[in-house]
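Here's the structure we're looking at; comments come further down.
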Protein chains: 2
Amino acid sequence: MNSTLIEQAESILKLQGGRMTSQRKLILELLQSMPGHPTAEEIYLAASQYDESLNLSTVYRNLRWLIDLKLVTPLVFDDDRRQERFDAMIDPPQSDHYHFRCQECCQIFEFSAPEVEQFKAQFSDSTGAVVQSASLILYGICADCRELK
Amino acid sequence: MNSTLIEQAESILKLQGGRMTSQRKLILELLQSMPGHPTAEEIYLAASQYDESLNLSTVYRNLRWLIDLKLVTPLVFDDDRRQERFDAMIDPPQSDHYHFRCQECCQIFEFSAPEVEQFKAQFSDSTGAVVQSASLILYGICADCRELK
DNA sequence: TTCGGTGCAAAGAGTTTGCATACCG
DNA sequence: CGGTATGCAAACTCTTTGCACCGAA
């Protein structure tokens, strides 16, 4: 563990077949290094600085592929309803985390919450459902923005 | 309280100005009576049975209006990437609730969770942020679907 | 009568797809 | 060399918008 996205992808390619292209490598590197939760467009723009001929559809295709592999999770926040954001799962297994979005500066903060794990188990017990995953997003004003008023 | 959406909308119209049209009335009635969390399209199709000439853009315009009034909340679930769903806030003030989505039958179950309210307060205390709202969505397999396997 | 709301058609934004070509293994 | 992944352009899906007309108050 503690392996990079590229390493993880490469070992999956070895197992399942498929090729490591320069485009893939670039997209994976950016996913690993870009702060926050970039949109496909943002990844594309950043990648274009290194490979002018890269195409947006290649970015999308690879993101979908990575989602299938569980190396990336798609996120939708309330405000940008039309745009997906992508959250690289650096070094799984699943250090589950959740999100706080500041409605003022639009920054997204991640946090972990054992309470949520607990709640999932509890919910499962009381309803008989299997809970596979959870998305918790808090919306509000972050401490910094709060001070500025 | 315990008033219908139409009544709530009417009192807001009286205060803020605006008109209660037949289209509005129909959309509000359907929001109140349709089970689950319909998409704009689903509301439109259901409404079309009563008013053939109703237009999809009217549905969207009214949904956005209702969201502004806090009578409806937009929701996005993981699977249907492109489509918003709409959750009528029957009889506020805010009986906050959260969602469980069965990945098998795609049904959505609502539940309330005081734990989440608690968590919000706790988060606020420890980070200094103001938490205005929270979205919690659990994904998994519901009890019924679980049995069928 | 007034002007807020509607229908219609067209535009927009984000994402996906078909096909010929490139290039990884 | 075989076949997977890419670039490109066009299609698709969902949602929004401009404008002329309609109808609630």
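Hydrogens, waters and symmetry mates play no part in the numbers below; they use all other heavy atoms, side chains included. Quick note on labels: first sequence line is chain A, next is B, and so on, each numbered from 1. Please read these numbers as outputs of a predicted model, since none were measured by experiment.
At least one side-chain heavy atom of A:His37 sits less than 4.5 Å from a side-chain heavy atom of A:His99. Side chains of B:Trp65 and B:Arg24 form a contact here, defined as non-hydrogen atoms less than 4.5 Å apart. Side-chain contact between A:Ser53 and A:Asp51 is present, with at least one heavy-atom pair separated by less than 4.5 Å.
Nearest-nucleotide assignment on DNA chain C puts the 5′-proximal partner with B:Arg19, out of B:Leu56 and B:Arg19.
OP1 and OP2 of C:dA22 both lie 4.0 Å or more from every side-chain N or O belonging to A:Gln23. Phosphate proximity of C:dT16 to A:Arg64: present, with a side-chain N or O under 4.0 Å from OP1 or OP2. At the phosphate of C:dT6, OP1 or OP2 sits under 4.0 Å from a side-chain N or O atom of B:Thr21. At D:dA9, none of the side-chain N or O atoms of A:Asn55 fall inside 4.0 Å of OP1 or OP2 (strictly under the cut-off). The side chain of B:Arg82 contributes no N or O atom lying less than 4.0 Å from OP1 or OP2 of D:dT15.
Here A:Ser53 lies in heavy-atom contact (under 4.0 Å) with sugar-phosphate atoms only. Backbone-only engagement by B:Glu84 is indicated by non-hydrogen atom pairs under 4.0 Å involving sugar-phosphate atoms exclusively. At the heavy-atom level, A:Arg61 lies under 4.0 Å from base atoms of the strands shown.
Nucleotide D:dA25 holds its C1' atom 13 Å from the CE atom of B:Met20, rounded to whole Å. A:Tyr44 has its OH atom 11 Å from the C1' atom of D:dC8, to the nearest Å. Rounded to whole angstrom, the span from the OH atom of B:Tyr60 across to the C1' atom of C:dG12 amounts to 13 Å.
Under 3.5 Å, the side chain of A:Ser57 and the base of D:dC8 form at least one donor-acceptor pair of N or O atoms.
Heavy-atom minimum distance, A:Arg146 versus B:Gly128: NH1-O, 2.7 Å.
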